[in-house]
Enquirer: 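Structure in structure tokens, see below.
A, B, ... follow the sequence lines: proteins, then strands. Residue 1 opens every chain.
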Amino acid sequence: MPRFYLTTAIDYANGDPHIGHALEKIGADVIARYRRLRGDDVHLLMGMDEHGQKVQQTAAQQGVAPQVFTDEIAARFLSMWARLGVEYDQFIRTTDAHHKAGVQALIRRIAERNPDDFYERSYRGMYCVGCEAFKQDADIADGRCVHHPTRTLEEVEERNWFFRLSRYQPFLQQLLADNPSFIEPESRRNEILGLLAQGLEDISASRSRLDWAVPFPLALSTGETQGTYVWFDALPNYLTATGFPDEGYETRWPADLHVIGKDITRFHVVIWPAMLHAAGLPLPRQVWAHGFVQLGGERFSKSAGVKLDLGEAIDRFGADAFRYVLLREVPYDGDGNFSWERFEERYTSDLANAFGNLASRAMAMVEKYCEAVVPIAAAPEVEAEDDADVLAYHVAMDGARGWLLHDGLSAVARMTARANEYTQAMAPWQLAKDPARRADLEQCLASLIRRLARQAVLLAPFMPNKAQALWEQLGGTGAVAAQRFDALSALEPAGWTVHKGDGLFPRPAPTEPKA
RNA sequence: GGCAGGGUAGCUCAGCUGGUCAGAGCGCACGACUCAUAAUCGUGAGGUCACGGGUUCGAUCCCCGUCCCUGCUACCA
């Protein structure tokens, strides 16, 4: 059974989950469920990044210990993933003891194999006492920190451990030349190529004044022990989650896919492979950078007040509908827009009117004309037209040409539309009036149920609960998630007893309040 | 500033190497039907293909310029 190890970015424990987090996790969950339907042995890793100065400061402001603070944040994220139906196989937190030990083991391993890769150097920067952090140009205005304009910035110099990233520039360029699909979509690869062409600088591996961190396993020549800086703490989570450095981690590592946001491609495509190569460890097979959700045409941002409450979005039509609309509206390879208006339009046209109503009318007729038992009948020729869409679905979903989840949904939507057209053309309610056309009627209804069953399987990664509900209404036994794509064409519902229940996707109330 | 990608029907977007390339979905209007969640099916809607030049027998798709938008331009996670 092929293994498939995929990961999402670990989220920083300094705020609540928002729609941006949701897009990434839902997408990864869909990919994981899709691979399971292919029969793969899937392992989906998610987690939280809990170290760093911001966490330390925020916790201090609230008067609680950092660990207590991150425990609360982590609980909120976990609760949200449960509400969204995101099912991970493993949830790692960078404050886990094993992770911390793994980070230190990785650093030591690099130091042993490439002693020159870590070296001491002084780091100079403008330090803001208010923020307790070094500030970059973007955060400096008129020589003062934008957050603490009453204080003066101090030019501070400290000795740190540095990682000789610059040394790996040729290696990385060769990597992207030999393996172009290492980072997709292409636009993101081009950005990295541009970055590499500029030349790489070495990066900090440790920092002083960083107490809430994994202790850097090497002491400076002064004897001081510093905290491990973010790169060497966060990125290795994908590796330490496999058990590294303990025996057996190789059975899972390397990861098949890192699903991340486009804002952190650099870290995953430059720093991370360099670290692994320095340690003599295999590289992940691919990094996929998804885009961002824009709200009403504006970029999501807490500061700008442009936001959308996830809980409200889920309550609107349910988690499954939200998952569907989000991935249908936002292309997984780029940015997309999301708004309440759009949400309702999509829900109504795609789910309530097209798909939900198709299921409703088909099952109603089987109950009415066939005593609820799906007739035995050969498939009509037009049914074969679905094959092209099933193929398109897999092309979009299997990753060979990127992870274009929105295209997968488009393909299923075409199948739904075709089934509605077919129903209209055959007019089974007319056939039912003529006993001589009984065979045609049965063939039509059997075809509709068969197509619905297939669509339920294809939609299962996106809407696991609704797909299961439909599966059961159609008379299918067991879990729709237990189906396998390679058996889809042979799926035969003849003899099933349908139980048309409540509508899968009820139309929204006429006077639905907007937001 | 530099690099990269864009500006196509009300909205979201397809249009690969130039000549049925002026399209799809949604919304909207009209018609059909009645199995169904007032759902479905059919038809239609006439958008200077950002703007100005150029190459060509012919350009939305090629070249130049202009305007506008987005991303990247490393120690924020």
Enquirer: Once you apply a heavy-atom cut-off of 4.0 Å, does A:Gly194 come out as touching a base, just sugar-phosphate, or nothing?
Expert: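 Nothing, no nucleic acid heavy atom in range.
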Enquirer: State the pairing partner of B:rC28; accept Watson-Crick or G-U wobble contacts with both distances under 3.5 Å, and report none otherwise.
Expert: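 Base partner found: B:rG44.
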Enquirer: Under 3.5 Å for both donor-acceptor distances, Watson-Crick or wobble: does B:rC16 have a partner, and if so which one?
Expert: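 None - no nucleotide pairs with B:rC16, as no candidate has both distances under 3.5 Å.
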Enquirer: Taking CG from A:Asn337 and P from B:rG10, how many angstroms apart are they, rounded to a whole number?
Expert: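 These atoms are roughly 17 Å apart.
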Enquirer: Please name the nucleotide paired to B:rA38 by Watson-Crick or G-U wobble geometry with both distances under 3.5 Å, or report none.
Expert: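 Result: none.
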Enquirer: If you assign A:Gly199 and A:Arg342 each to the RNA chain B nucleotide with the nearest heavy atom, which residue ends up on the more 5' nucleotide?
Expert: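 Of the two residues, A:Arg342 wins.
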Enquirer: For B:rU55, what is the paired nucleotide under Watson-Crick or G-U wobble rules, both distances under 3.5 Å?
Expert: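 Base partner found: none.
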Enquirer: If only side-chain N and O atoms count, and only distance matters, is there a donor-acceptor pair under 3.5 Å linking A:Thr94 with A:Glu50?
Expert: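 Per modelled atom types, A:Glu50 and A:Thr94 side chains form no pair under 3.5 Å.
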Enquirer: Could you tell me whether A:Arg207 contacts a base, only the sugar-phosphate backbone, or nothing, with contacts defined as non-hydrogen atoms closer than 4.0 Å?
Expert: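 Base contact.
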Enquirer: Taking any heavy-atom pair under 4.0 Å as a contact, classify A:Glu329: base, sugar-phosphate, or nothing.
Expert: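 Counting heavy atoms under 4.0 Å across all strands, no contact is made by A:Glu329.
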Enquirer: For A:His21 and A:Trp81, take the angle between the two ring planes, folded into 0 to 90°, and tell me which bin it lands in: parallel under 30, tilted 30 to 60, perpendicular over 60.
Expert: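 Answer is perpendicular, since the angle exceeds 60°.
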Enquirer: For the side chain of A:Tyr369, starting at C-beta, report the closest nucleotide among B:rC35, B:rA74, B:rU37.
Expert: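 The answer is B:rC35, which lies nearest to the side chain.
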Enquirer: What distance, rounded to whole Å, do you find between the two C1' atoms, one in B:rC61 and one in B:rA22?
Expert: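 One C1' to the other, the span is 12 Å.
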Enquirer: Does OP1 or OP2 of B:rA39 have a side-chain N or O of A:Arg507 closer than 4.0 Å?
Expert: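 The answer is yes; a side-chain N or O of A:Arg507 sits under 4.0 Å from OP1 or OP2.
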Enquirer: Salt-bridge test for A:Glu442 and A:Arg438: reply yes if a basic N is under 4.0 Å from a carboxylate O, no otherwise.
Expert: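 The answer is yes: the pair qualifies as a salt bridge.
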Enquirer: Take the protein atom CG of A:Asn160 and the nucleotide atom P of B:rA74, then report the distance between them rounded to whole Å.
Expert: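 Going from A:Asn160 (CG) to B:rA74 (P), I get 19 Å.
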Enquirer: Which whole number of Å gives the distance between the C1' atom of B:rG25 and that of B:rA38?
Expert: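 Approximately 22 Å lies between the C1' atom of B:rG25 and that of B:rA38.
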Enquirer: Taking CG from A:Asp335 and C1' from B:rC13, how many angstroms apart are they, rounded to a whole number?
Expert: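 To the nearest whole Å, that distance equals 14 Å.
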Enquirer: Once you apply a heavy-atom cut-off of 4.0 Å, does A:Leu504 come out as touching a base, just sugar-phosphate, or nothing?
Expert: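 Base contact.
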Enquirer: Just by distance, no angles: are the side chains of A:Thr95 and A:Lys100 close enough, under 3.5 Å, to form a donor-acceptor pair?
Expert: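 No, because no side-chain N or O of A:Thr95 sits under 3.5 Å from a partner of the opposite role on A:Lys100.
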Enquirer: For A:Ile192, report the nucleic acid contact type (base, sugar-phosphate, nothing); a contact means any heavy atom under 4.0 Å.
Expert: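 Since no nucleic acid heavy atom lies under 4.0 Å of A:Ile192, the category is nothing.
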Enquirer: For A:Glu421 and A:Ser187, find the nucleotide of RNA chain B closest to each by heavy atoms; which residue's nucleotide sits nearer the 5' end?
Expert: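 The residue mapped nearer the 5' terminus is A:Ser187.
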Enquirer: Calculate the interatomic distance between A:Ile264 atom CD1 and B:rC72 atom P; express it in whole Å.
Expert: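 Checked: the CD1 to P distance equals 12 Å.
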Enquirer: In whole angstrom, give me the gap between the C1' atoms of B:rC49 and B:rG6.
Expert: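 To the nearest whole Å, 14 Å.
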Enquirer: Under 4.0 Å, counting only non-hydrogen atoms across every strand here, what does A:Asn190 touch: a base, just sugar-phosphate, or nothing?
Expert: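 Contact class for A:Asn190: none.
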Enquirer: For A:Val325 and A:Arg342, what are the C-alpha separation, side-chain angles and deciding distance, and is it a side chain to side chain contact (heavy atoms under 4.5 Å, CB included)?
Expert: CA-CA 9 Å; A:Val325 175; A:Arg342 205 70 182 168; over 6 Å; no
Enquirer: If you measure from the P atom in B:rU70 to the same atom in B:rU8, how many Å do you get, rounded?
Expert: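 Per the computed distance, 15 Å lies between those P atoms.
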Enquirer: Look at A:Asp386 together with A:Arg414 and state whether they make a salt bridge at an N to O cut-off of under 4.0 Å.
Expert: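 No salt bridge links A:Asp386 with A:Arg414.
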Enquirer: Look at A:Lys500 and B:rU37 and indicate whether a side-chain polar atom (N or O) is within less than 4.0 Å of OP1 or OP2.
Expert: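 Result: yes.
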Enquirer: Verify, without hydrogens or angle tests, whether A:Arg121 (side chain) and A:Asn160 (backbone) share a donor-acceptor contact under 3.5 angstrom.
Expert: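 Pair absent, no side-chain N/O of A:Arg121 close to backbone of A:Asn160.
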Enquirer: Describe the nucleic acid contact of A:Leu200 in one word from base, sugar-phosphate, nothing, applying a heavy-atom distance below 4.0 Å.
Expert: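 Counting heavy atoms under 4.0 Å across all strands, the contact made by A:Leu200 includes a base.
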Enquirer: Report the base-pairing partner of B:rG71 (Watson-Crick or G-U wobble, both distances below 3.5 angstrom), or none.
Expert: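 B:rC3 is the nucleotide pairing with B:rG71.
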Enquirer: What does B:rC21 pair with, Watson-Crick or G-U, if both distances are under 3.5 Å?
Expert: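 Across any shown strand, B:rC21 pairs with none.
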Enquirer: What's the NE2-C1' distance between A:His406 and B:rA24, to the nearest Å?
Expert: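 Roughly 14 Å, once rounded to whole Å.
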Enquirer: Over all strands shown, is A:Asn237 touching base, sugar-phosphate only, or nothing at heavy-atom distances under 4.0 angstrom?
Expert: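 Result for A:Asn237 = nothing.
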Enquirer: Can you tell which of B:rA74, B:rU37, B:rC72 lies closest to the side chain of A:Glu191?
Expert: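 Comparing B:rA74, B:rU37, B:rC72 against the side chain of A:Glu191, the answer is B:rC72.
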Enquirer: Let's see if you can work this out: which of B:rG27, B:rA36, B:rA74 has an atom nearest to the side-chain heavy atoms of A:Ala364?
Expert: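 Selected nucleotide (nearest to the side chain): B:rA36.
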Enquirer: What is the distance, rounded to the nearest whole Å, between atom CZ of A:Arg414 and atom C1' of B:rG25?
Expert: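 Rounding to the nearest Å, CZ of A:Arg414 and C1' of B:rG25 are 11 Å apart.
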Enquirer: Can you see if the side chain of A:Gln294 gets near the phosphate of B:rU70 - specifically, an N or O under 4.0 Å from OP1 or OP2?
Expert: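 It does not, given that no N or O in the side chain of A:Gln294 lies less than 4.0 Å from OP1 or OP2 of B:rU70.
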Enquirer: So what's B:rU66 paired with, Watson-Crick or G-U wobble, going by both distances under 3.5 Å?
Expert: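 Pairing partner: B:rA50.
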Enquirer: Mind calculating the distance between CG (A:Leu195) and C1' (B:rA74) to the nearest angstrom?
Expert: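 Roughly 6 Å, once rounded to whole Å.
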Enquirer: Figure out the CG/C1' separation between A:Asp434 and B:rC35, and round it to whole Å.
Expert: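 Answer to the nearest Å: 17 Å.
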Enquirer: If you check the A:Ser349 side chain, which of B:rU37, B:rC35, B:rC26 turns out closest?
Expert: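 Nucleotide nearest to A:Ser349's side chain: B:rC26.
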Enquirer: Please confirm whether any donor atom in the side chain of A:Asn353 sits under 3.5 Å from an acceptor in the base of B:rA39, or the reverse.
Expert: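 No.
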Enquirer: Could you go step by step and tell me if A:Asp117 and A:Tyr168 meet the side chain to side chain donor-acceptor pair (under 3.5 Å) rule?
Expert: CA-CA 10 Å; A:Asp117 275 5; A:Tyr168 293 94; 2.4 Å; yes
